[in-house]
Structures are given as structure tokens and as C-alpha cells.
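Inspection log for the structure reproduced underneath, given as C-alpha cells.
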Amino acid sequence: MLPKRYDFKSVESRLYDFWEKQGYFKPTNDPNLPGHDPKKKPFVISIPPPNVTGVLHLGHVLFVSLEDLMTRHQRMKGVPTLWVPGTDHAGIATQLQVEMKLKAEGTSRDELGRNRFLEEVWEWKEEHGNRIVEQIRRLGASCDWDRERFTLDEGLSRAVREAFVHLYEKGLIYRGPRLINWSPALQTAVSDLEVEHVEEQGKLYYFKYRLAENPDVFIPVATTRPETILADTAVAVHPEDERYQDYIGKTVLVPILDREIPVIADEYVSQEFGTGALKITPGHDPNDYEIGQRHDLELLSMLDKKAMVTEIGGPYHGQDRFEARKNLWRDMKDAGLVIKEEDYVHQVPRAQRGGEIIEPMISTQWFVDIAPLAEKALRVVRDGEIEIIPERFRKVYYNWLENIHDWCISRQLWWGHRIPVWYCDDCLELTVAREDPSACQHCGSKNIHQDPDVLDTWFSSGLWPFSTLGWPDHTPDYEYFFPTTVMETGYDILFFWVARMIMFSLEMTGKIPFETVYLHGLVMDEHGQKMSKSKHNVIDPLDVMDDMGTDAVRFTMLVGSTPGVNTNLSLQKVEANRNFANKVWNAGRFVIGNLENIPEKIGAGPDWTLADSWIWAKMQGLIRNVDRLFNNHQYGEAGRYIYDFFWGEYADWYLEIAKNQIAEGGSRAYYTVETLIKVLDLSLRLLHPFTPFVTEELWQHLRKAVLNSPLMDIAADWPDALMIASWPEPRKRETWEETKVSEFELIQDIIRTIRNLRSEKNIKPGKLIPAKLVGGDYTAVLEDQVGSLSSLAFLDPEKVTVIQSLDQIPAGDIALVAGPVEIYLPLSGLVDITEEKQRLSSELLELEGEINRLQELLSSPFAEKAPQPVVDKEREKLAGYQETASTLQDQLATLEDVE
RNA sequence: GGGCGCGUAGCUCAGCUGGUUAGAGCGCACGGUUCACAUCCGUGAGGUCGAUGGUUCGAGUCCAUUCGCGCCCACCA
């Protein structure tokens, strides 16, 4: 017998190994194998590669769960399915980790030198690189691990070179001095996307720009970064600003340095803001840079790569940027050049990694001229070639691509793809090559050296969907599996990654990289707060999996997530879903237990009870709903439907009735067991993409048990594993379904009504009571269901009578109504006339309220304007209520007579 | 400055193309050791869907305005 509790610990790793060993993770119709049919359309996902040295967090859990769900679903549908796994070298993040380790060891990357340092990083990668992969496997990810890739693999590195050279040759990559975002701590340039603008409390400093010709006269200027005064090369005012007309064209003195700079007029300056006069620092501010270009201003750099003041800063040379700010302002104060400072909230640029303040600086870097690529990427989404889910992100995507700036791709790091450019020390020309050159392409000199920089990590990520399949070679994998089908990832990397993949793919392969972009939300804590160590609200998925099982965690993530919306996770939810897994397990145990001695089938045709028909109809309805929801990518909703069906209908009702039907024996019992099996089988199939472990384990037990029973035919075509079993296909609704469902719902109603009363009257749960049911049109149905009714409502089956109609209402009984059925419980000891009258009249009152409402509704324009079926439905409802009400009135009248 | 999301029971959230007494989990109250399950079973209390106005026979579900929370993009010192 199966253990009472589902022991996920022993099941999870065993099943994962089993699946993998059986080769179920590998795509059917493999293009590298004989018999491949190129016309069968595959389903392909490339994994968003996690950082190779990262540790599993809930974000990973969410995307792995979703992608595994999609993958398993398609696989079960019989589609050749491939999920390509892999990891990302994550330039900055990984380099930082290793640098931190070196620091702890009392050394540094500079001390080691480039080659030794890279050896260290590779070592680190080997040491930690498998951790994240192991963790993803623990989640049940059905990836084809033989196709695992790493962005610094030889193949992918070739792809990066090909892409770089291709773009260079097309003139879309260039090198030059530009104003870029410099991270002094990381000692590298970063792209615009890697800068976060954080609103912070700062100060606005007002000071004097004295006129060179007359130092008593000044222009007041405001700034948030006074230290940049040292690199000012102009003061700008609006051309129409009356206050400053006289100054335009004159020169003013840079405070302390007393350098003479011009006063210029530019439309950019806002007259309303600050003093209406703007200091211009083309070397350290993007706006000023542009103004500087327009006016041909000198470009000064007052900060070096460590953000220390350069010789431009005169007396402040060698000081840290913030130090210099303080000192300069103090000196200006002493010199009487300060007007005032006020509190000011503004956006401060900070590094996405590390959070330090970014300095805009002039630096020579490599850039991608991205606008031509963006244009194509916009088109494919506009045309619907690529679908984005949820749709609203299309707008976000358009907006970004329409206003895109050139992409700074060089990083002054060591860990990454080295830029494939060599400089000649003799002729000074560059050589850009796919293969490492041994000599200058231009003069043949051997005196060449490679560009020391590496590429932005996202450059290689942008090639991911095709580089992982073999591109630039046209391998069988690339030919068959590309373009991929779904790109499932977080909306937070729509620009970083998704947009760039689309641009690169269109440029490199001429094809879209994927057909559908499914964007999930971020995982927050149970109150919608970002998880962070400082808030102590971080949930470690590994702990939770240890505690409650992988299925519970997966199901929670899947059911709690809607596309594009953040998910709030709480342990309580996981617990609830652990209970669900346990429920599934136990329901399965019950079914399997019943296979041990199956009653004989008598007669030819099937002998289904109302409950059998009902659960079957419900099952079919569920399949239809799940199918519909999966087609709309509403996986969470689908999961909830399955949950509700399995627990609320199959386990709570059908299993309970089945017990009774089996106990009665005979042919009916036989068909009950058959139904139990079939519905369980279908449920497990639907549930498998959500909770693969418990369903697989249970299903295999079920299969074995069925095959060893007289009902073995049912499982005749079941494969060896649920994972590769066929997905339930929706069928057309059959005409009998509706009738059976509503009849059964009447039975449920009766049972609930009686349970209700029992609870109200404090009748001991186990105590069997007699009952008289007046069935009217449903008499036959009720007669048939006495067994079920009795067992679920704890009636004494010997003392249940069903009659069609009643001459006189039994005065001493408790009277109940369930739709068209009257129920009388002869419980003389418990009847209190006053109490009963109270109960009946309050019920009647409530009902009359409904009747009034419906009567009004039906006499309103509703009756004419609403569609006929809707109106009919309300009419029927009204008729039902009226019938019930009249019964209640009769019952009430009887009680009056008693008095 | 532009754009987006959210605001539904005490808490956390569902609610597809508008259809007419609004759902779940947790929590709460009451009652339960029948051999699938106390990680359970039964019963119950509790929201009129942030506010206002509109479209409609009919709105949580569409439109407008508004309040509150959050996010993204953007070169106002």
C-alpha cells in the first residue's frame, strides 16, 4: 500500500533521474537522427540563462515553472518539444564575485594580472557553475541537458565574433569618444539601461558667475553638482530672457579657477527654472554635451577613471569627487561667490550593480548604431509576427525602440567576450576579424595588440536563441528548431534582452527569434514588497522546497501568477498547495485501494449512476475549460480550475458517493471503479504540467494497479510514464450532460440542506436519522439516489421514504425545501414549533425578496431587450423560487394549525 | 513630463469576450477519531467590488473624472 503521506523527498530526485534516463527530455523527431520529418512543427523554448554562479531565487522558480509547464503540455500533446538550457557568464556580476573573493584573500585583479585573474574566474565558474543548474533540475525542469550551453562556450563565442564582425562590416558598429556612463567603482562604462535614476534628497546650490569685465556684476547660476563647475566651459541663458540680454556674448569667470568662459544663448535653457542661467559642462552632462556640440564649446574632463579630480581642477587636483564638492563650495563661500543652497529632490543616476553614483564622462568606447536594427524590430511586432503577452507591453516596447540611443557595448572588464579588434602599432589601422589575426591586415606588421575591452554581457545574450542552436553554422538543430516558439521571461528585461534578441535575430538570421513573448511579473513578498535582505522578507525557495515539496512551490507560483503582473508569495499559500498535493495523493490511494477486489460486471451495457454521469460531465467540462485557458496563456486560472474540480467535486463528492456505490456491489460498483480510474487518470494528466512529481508517482502506481486488475483494458494504451502520456483533448458537449449535472446538483442541494439543518440543530454527525422526501417530477431520481443521499446526509436508509406527492404535510416533522423537493425529518424530540416557524418564515422572507426582484426585472425592458436565453433563465429561476415559496407557505400553515 | 499596473471578504488574491443573490486560500466561529486524507471532513459568519458620473435592458467587468498605492520611460540645471 502507498504511504499515507506523499513523501516528496524520496520521490522527486528518483523520478527526475528516471525521466532523464528514459530520454523523455529529448525532443522527438530529432533532426540529427534518421527518420526525421522536417515538416512537423516543433515547440521550442530557450531558457533565459541564469548567471552561471548565481543561486536559485524565486524569480528562477517562477520562470522555470512556467516554461516547464508549457514544455510538458506541448510534449503531452505530441508536439516535438525542445527546451534548451544554459547559463550566462554575467560579466560584471561574476567578475565582482571573484574580485570580492580576491579581496578577502588580500589580493586583487590588478595584482594578479589579466591571465591569472581569468584563470581564477574560470575556476570559480567550475566550482559554482553547476549549483544553479542542479537547482533548476530540482524544480523538475524537463530541459534537454545534452543541449546545454554557456555564453562563453566556444560555439557561442564564435557566434559573438560573427555578429560583431558582421555589424562592423555593415558600418553599424563604430568606436569613438562619446559621453558615456562611467562607473568609478566598477571601472567601466555601462549602458544607459544599466543606470537607474533614483529620486533622492539633495541640494540645489546657487552661486555667482562674475563678469570678467566687471567682477562686481554676476549671473546667478544653480547646480546640483558644484564640483563640475571646474569643467564648465560656458554659461547659457535663454535667447529671449530679458534679464540676461546684456550678458550674451560676454565672458564670465569660473569660480576659484578664474578661467574665462563665454555666456551663450540657447533655446534649451528654461527661463523659469532655477535662476534661468545654466552652467555648461559638456564633459560631464549629457545635455551640456549637446549644447557644447551646438556651440562648439571646449570639452574638459575634470574627473579621472577613479572619479578623482584631474589637473583641470587646479587646487582640487587629486581629490575625490565628493571631497572636491565640499572643498570647492567652502572656498567659494569664503570668496563670497555663494548665494544660497536649498534642499532639492532630484534623480540621481546610480549603477544597477553596486548602486554607486554614475558619472557621465567622455570616453572612447565601442557603440552599436542601433536605430536601423530597431526599425525592423518594431515592424515585426507591429505586424503581429511576434506576439507579446500581455499585449500592453507592446506599447512599452514601441516607445523604447522609437527613442532608442546608440548602445555602448564595450566594457572595461576582463570576464567576457573580448572585442575582436586588433590595433597595429605601426600603421595604426585596425583589424577586425573572425579569427585571431597574426598580422595587421593593412601593413602586415606583426606588431598588433587586441583591444583590451570585453563586450556587454547582453551582446551575447542577444544572440542566445540562435547561437545555442548552432548559428552561425546551419546545423540540423538550427534548421529545424529555429525560430523558437515562446520566449518566456520577466518584463523587467524586455529592453535588456527581448528587444535585443529580436533586433539581432532579424539582422543576423533574417528571421524572428520566437513567435510569442510571454512576460511574467516579479516575485514579491506576501505584502507586495520587494524581497530584500535588509527587510528580512527573503524567502529561499530551496528551504521551502525542502519543507513542502517542489510540487507545492511550483503550483503556488503558477496559480498565483497572471502574465505581466507581480506575484506575491506567502508561505501560507505554499502550505495550502502542499495540502493539495497530499489530497491528490490520498485520493489516488483510495482509487488504487479499490482496485484490489473489483466487483463483477453483470450484463452487457454500462450501468452508470447519476454521480458517475455527473463527474464524467464535469470532467469533460474541465478539459474544455483548461484547453481554452491554456490557449489564452491563462495558466494560473487553469490551475485553479483543476484544483477546484479535483478537491471540490471529485474528492469531496464523487469519492464519497463512490464509497457507497462500491459497497452496494454489483455491476454499478464495477462501473464506479472504472469511473474513478478514468477521472483520476484524466485529472493527473491535466495536473502534470503543474505538479509533475506527485502526479507521475501516483499515476505509475495507478497504471500498475490497473494493469494487474480486471480493468486492465483501460490502461492498455497508457505509456510507461505520465510525462509522455497524451494530453486530454476536449470533446463536444453531449446533450445528456446538462440534465445529469442539474439532477445531481439537486441531490447536492438536498444533502446540503439536511447537513445544514443537522448542524443547526446540533444533531450528532454520526447519528442516522429518518427522512421523508417528496420528489414530484424528480421522484424517480431520488428513489435511485437514496443510497448516496443517506450516506452523505447521514440518513437511515431503512427509514428513508420517497413519495411523489403528499396529501397532508406532517405536522410534527421538521420541514425543509430544496428546490422542487420537500424534505420532512421526523425528529419529534427536536422540534420546537416557535423555532420552526421562525426558521421557515425567515427563509420565506428571503425567498420573497428574490421573487420580487425577479418579477420586477422581468417586467422591465430587460424582458424585451435581453437575449431570449438570458430571459428564459431568469424566468425558470423565478418559477423555481415560486414553487419553493409556496411549499414553505404550506409548511408554515401546517405549523399554525398545530397551535 | 510621458506611459503603465493595482485598489474586490480580517489578510493574500481569482474573476475570460458585460448577463444579473460576487469566488478561493488563509484566518475566524461551531461541530466532528466511520478503515483515502486532521497536510482532513461538515456547517457558518464576513465584501456590493476605492469614489463620482456616464454608456447599456443589464457593469466588479466598458468610458470619463477623481483619490490612494506601486512601477517604467524621459537630457530640466
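Bear in mind that the values here come from a model prediction, so they are computed numbers and not experimental data.
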Can you tell me how far [atom1] in [N] sits from the matching atom in [M], rounded to whole Å?
N     : M     : atom1 : result
B:G42 : B:A64 : P     : 45 Å
B:G31 : B:A36 : P     : 26 Å
B:G1  : B:U48 : C1'   : 38 Å
B:G7  : B:G50 : P     : 7 Å
B:C35 : B:A22 : P     : 38 Å
B:C76 : B:U8  : P     : 34 Å
B:G60 : B:U52 : P     : 13 Å
B:G47 : B:G15 : C1'   : 14 Å

Is there a donor and acceptor pair, one atom on the side chain of A:Arg5 and one on the base of B:C37, closer than 3.5 Å?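 Such a pair does not exist between side chain and base.
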Find the distance [X]:[atom1] to [N]:[atom2] and express it as a whole number of Å.
X        : N     : atom1 : atom2 : result
A:Asp872 : B:G19 : CG    : C1'   : 13 Å
A:His346 : B:G1  : NE2   : C1'   : 18 Å
A:Glu656 : B:U34 : CD    : C1'   : 10 Å
A:Ile219 : B:A77 : CD1   : P     : 20 Å
A:Arg225 : B:C76 : CZ    : C1'   : 13 Å
A:Gln271 : B:A77 : CD    : P     : 17 Å
A:Lys865 : B:G18 : NZ    : P     : 18 Å
A:Phe495 : B:C4  : CZ    : P     : 13 Å

I want to know whether [X] and [Y] have ring centres closer than 6.0 Å.
X        : Y        : result
A:Phe646 : A:Tyr650 : yes
A:Phe8   : A:Phe693 : no
A:Phe207 : A:Tyr209 : yes

Contact class for [X] vs. all strands (heavy atom < 4.0 Å): base, sugar-phosphate, or nothing?
X        : answer
A:Leu2   : nothing
A:Thr224 : sugar-phosphate
A:Arg758 : nothing

Does [N] have its OP1 or OP2 closer than 4.0 Å to a side-chain nitrogen or oxygen of [X]?
X        : N     : result
A:Arg392 : B:C4  : no
A:Tyr641 : B:C16 : no
A:Lys4   : B:A38 : yes
A:Arg640 : B:A24 : no
A:Thr275 : B:A77 : no
A:Trp647 : B:U39 : no
A:Asn399 : B:C72 : no
A:Lys583 : B:C41 : yes
A:Asn566 : B:C71 : no

Cation over ring face, A:Lys340 and A:Tyr206, 6.0 Å, 45°: yes
Would you say A:Leu569 and A:Met524 make side-chain contact, with heavy atoms under 4.5 Å?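 SC-SC contact between A:Leu569 and A:Met524 ruled out.
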Between A:Pro563 and the options A:Ile389, A:Asn632, A:Leu519, A:Ile388, the side-chain contact (heavy atoms from CB on, under 4.5 Å) test singles out A:Ile389
Pairing check on B:C4: which nucleotide meets the Watson-Crick or G-U wobble criteria with it, both distances under 3.5 Å?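 B:G70 - that is the nucleotide pairing with B:C4, both distances being under 3.5 Å.
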What is the pairing partner of B:U39, taking Watson-Crick or G-U wobble pairs with both distances under 3.5 Å in any strand? none
Ionic contact status for A:Glu200 with A:Arg350, cut-off 4.0 Å: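 A salt bridge is present here (some side-chain N lies under 4.0 Å from a carboxylate O).
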Closest-nucleotide 5' rank along RNA chain B - winner of A:Asp652 and A:Val565: A:Val565
Closest to the 5' end of RNA chain B, once A:Gly564 and A:Ala863 are matched to their nearest nucleotides, is A:Gly564
